[in-house]
Amino acid sequence: MRSFVGRDILSLKDFSRDEFMRVFQVCDDLKPIARDRRNTDTLKDKTLLTAFYQPSTRTRLSTEAAMHRLGGHVLGFSDSKMTRAGDFYQESIKDTFHMLEYYADVIAIRHFQQGAPAEAAKWASVPVINCGDGWGEHPTQVLTDLYTISTEMGSLDGLTFLLVGDMRMRTMHSILYAMSQFDAEAIVVGPPDMSLLPEFKAELDALNVRYREAADVRDVIGEADVIYMEPVVQADYTSSRDERKGTMPTTPAEYVVTRELLREKARSWSIILHSLPRMDELPEDVDATRHQRYWVEAFNGVVMRMSLLSLVLGAAE
Ligand code: CP
């Protein structure tokens, strides 16, 4: 297994099974710190920089929370318009990250452009962590999802995943890449205009990922051990939820998981994950069912980022 020290975390396509297990093992080791709401001094000599060019609640704040739990320092920006990268100058990724590498020991980046973290990693000698790049990938989210599934179901092998939502989304890409390392099958349900792209399907075939497409969640939910959801209604982020009331598109029933559907058709042990934020594809009354694991996943998000920061900064070898 390759060492994680100094390594960029850009994609799950290049993760081996052993590497997934190593990251999960470090999560297990560090979880008590987060569970007990303690801060340690493991990374007291290290600094994290978060460079977020797109909105985020969970990914940025859980990464920063993880660094605080490990005793490290944090700086960064969450509004690129207030930096030279987002104002009149539109400073390039190259020049920006050539600068930022002098300010921190690890950089977490979210960017609207697919491939931007990989470009940043070319110009920064410190590890770069991809926190979501356009329609590309979202490795830290999907590592969190897989860790949650592994701890809740006892294994990632022998499971059927039902993936519901917009198949062009970065989480869907990362989870399907990751499935190449496990004895798992995916059933994929999404609107035809949001289906898996042909070039991505070709990659999945090359990786021997087992998946099939279905039209309606109601026809296949009974086969699933893990129900993994994303919205198909794309939010208008320029207005608030209150302003949008009454004008919001609603999700067609083919892509909605309700409490009634779970009661009538789902396997009793199946679990639901959603990276959040949600729209109406996952009604709030599902939260009180035994299937809900997205709040467990939210906690695990901090643990996962603690694991990744420890590994790439050499505190877990
Ligand atoms: N899951 C996720 O990526 O959420 P944020 O957009 O809030 O970071």
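Atoms within each ligand, like the ligands themselves, are counted from 1 in listed order.
Against a heavy-atom cut-off of under 4.0 Å, H138 is close to the following atoms of ligand 1: 2 (C), 3 (O). Distances below 4.0 Å separate heavy atoms of T57 from the following atoms of ligand 1: 5 (P), 7 (O), 8 (O). Of all atoms in ligand 1, numbered sequentially from 1 with element shown, those under 4.0 Å from a heavy atom of T59 are 2 (C), 3 (O), 4 (O), 5 (P), 8 (O). Atoms of ligand 1 lying under 4.0 Å from any heavy atom of L276, numbered from 1 in the order shown and given with element: 1 (N), 2 (C), 4 (O).
With contacts defined as side-chain heavy-atom distances shorter than 4.5 Å, the pair E230/D166 does not qualify. Put simply, the side chain of I271 reaches to within 4.5 Å of the side chain of V226, judged on heavy atoms.
Here atom 1 (N) of ligand 1 lies nearest to S275 when heavy atoms of S62, S275, P55, S56 are compared.
Salt bridge present: R267 and D225 bring a charged side-chain N and a carboxylate O closer than 4.0 Å. Between E19 and R22, no side-chain nitrogen of the basic residue sits less than 4.0 Å from a carboxylate oxygen of the acidic one, so the salt-bridge criterion is not met. Salt bridge status for R305 with E64: absent, with no side-chain N to carboxylate O gap under 4.0 Å.
Looking only at protein heavy atoms, the nearest one to atom 4 (O) of ligand 1 is R58 NE, 3.0 Å.
Within the structure, the closest approach of R110 to ligand 1 falls below 4.0 Å when heavy atoms are considered.
Considering K265, H291, E223 as possible partners of S270, the one that fulfils the side chain to side chain contact (heavy atoms under 4.5 Å, CB included) test is H291.
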